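Here's the structure, in C-alpha cells; my notes come after.
Ligands are counted one by one from 1 in listed order, and the atoms in each one are counted from 1 as well. Only a predicted model underlies this, so the values are computations on that prediction, with no experimental measurement involved.
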Amino acid sequence: MNLLISNGRVVDPSQNLDRAADVLIEDGLVAKIGPGLKAPKGVATIDAAGCIVIPGLVDLHTHLREPGQEHKETIRTGTEAAVAGGYTSVCAMANTTPPNDERPVTEMIVAEAQRNGVCRVYPIGAVSKGLAGLELSEMADLRGAGCVAFSDDGKPVTNSKLMRAALEYARMLGAPVIAHEEDAFLAEGAVMHEGYYSTLLGMKGAPAAGEEILTSRDIHLVELTGGRLHVAHLSTVGAIEAVRRAKSRGLAVTCEATPHHIALTDEAVQSFSTDLKMNPPLRSEAHRRALLEAIKDGTIDVIATDHAPHHPDEKRVEFDLAPFGVIGLETAFAVCHEVLVKSKTIKLAQLVDLMSTRPARTFNLPGGTLKPGSAGDVAVIDLDGATEFASFRSRSHNSPWRGRTLGTRVVATVVGGVVRFDGRPSPAVEGKSRPQAARARGARR
Ligand SMILES: [Zn+2]
C-alpha cells in the first residue's frame, strides 16, 4: 500500500500539473507530490524516468461479461486487461446473463471484483427488468447495492415513458442514466453505417438519424425531469450538435466517444473484418471529423472504451452474422495518443483529462486526480515506448488493432498503492520467464 514513484513527469489536469516530480503513496492514498521525495524505509520504488505519471485511467463503459458469459470475459480477465491498459477503474455494464437488474447480481459482481478483480469495479444497474424495456428495475435497491449509474446499454430504451421514469428515479438516487441512443426501427437489420460504403458493399446500414432522434428525445426528457443523462458512444454530427446545444442551455447532459469511432471510419469495413463490427457502427469521415472537433471544444466529456469481448468462434463468421462489439481496454490510450496527441489535435493533459479526470468526475468516482488524500491510483506510461498487440490479457481478442504495434507502453499500473500491472523489464531476475519474474518482484515487495 506504500510506494514511491520517482523521476517521472507528473501530468495531472485536476491540479493543472505538468512537471517533473515524485509521487508518494501511503496507506493506499496519495500522500505527497514534489521533487526529490525520499522513500521511507522499506517502501518500494518505481523509477518512472522518461515516463509520464498520471492518475489511473477510468472507463465508464466496460462489458465484463460476468456473470453468465465467462467464455467471453470474466471480472478477473477484464480487470487484468484494464490494468494492462493503464486503467485503475472500470464501470461494468448491466447486459450480463442474467442482467444486473437485481440486488443479488450487483452483490455478486461487487464480491467477485473484491475477490478476483485487480482494479476497481463499479457496477451499472439495468434501467429495465431483464433489459426488456417494459418495466423499471428496482433502481433504489440497485443503487443501495453499489450501482453508480443505470443503463440498458446494448439496446436503446425505446419507450419514452419508461425513459422519463428512469430519469426521474435516477435523479432522486443521485445517479445518471447512460443512454444507448439508437432508433431500433431505423436500425433494424443493420450491420454497418448507412452511407456510401454500405451501398457499395450491399450491406444494410443504420442511418445517423437513428442516433440523432433518440439523443434529441432524451435531451427533451432531461428538460422535463431534471434528470442526469450521459450519452454513450456518441458517433454522429447531429447527436454531437444536440449535446452541444443541450450543454449551452445548461442541461445536465454529458457524453462519451470511443477510441474506435475517433480513429476509424466505415471505409475500413471493406475488409469485411468482423473486428470492425460494432454498434454504433464506424461512421463516415465527416462524422469522425465532427468527433475530433467536439473533443477539441469540450463537447465530448469522456473517452470510454465500450470494451465488448466476444469469443473468437462467435466473431469467426460472415460479417452479417457476427455479434457487435470490439475490445478496447488495452489499446485505448495508445490509440488515442496516436490519433489525438501525436496529430496535435489536443494536448497530452487534455487526453488525461478525457480518460481519467473527467470520467471520475462525471460519475462521481474516486480517482482521476493525484491530489494528496485521493486514491493512490496511478498509471506510468512511456510515450516513446511501443506495444505490440499480438495477444491480449482479455479473454477475447476482437480488436481492430490486433497484430499492430502502437507507440506507447504502459510501464506500471498502481491501484490503491498496489502495483497491479508491471511492464518493467527486470534485469535482477534475468533468466526467468516473465510471469516468474513478475512473481519474484511481487514477493520482494
Ligand atoms: Zn451501447
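- The line from OG1 of T299 to CD1 of I240 is 8.0 Å long, rounded to the nearest 0.5 Å.
- Taking 2.8 Å as the limit, the number of protein N, O or S atoms around the Zn ion (ligand 1) is 3.
- The aromatic rings of F272 and F319 lie perpendicular to each other, with more than 60° between the two planes, well past the 30° mark.
- Applying the 6.0 Å contact sphere to CZ of F392 captures more than 12 heavy atoms from other residues, nucleotides or ligands.
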task: Evaluate the salt bridge (charged side-chain N to carboxylate O under 4.0 Å, His left out) criterion for residues R244 and D297: first the C-alpha distance (whole Å), next the side-chain angles of each, then the deciding distance (0.1 Å), finally the verdict.
output: CA-CA 10 Å; R244 193 177 276 133; D297 74 14; 2.9 Å; yes
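- The aromatic rings of H193 and H287 lie perpendicular to each other, with more than 60° between the two planes, well past the 30° mark.
- Ionic pairing of R289 and E293 is not present here: no N-O contact between side-chain nitrogen and carboxylate oxygen is shorter than 4.0 angstrom.
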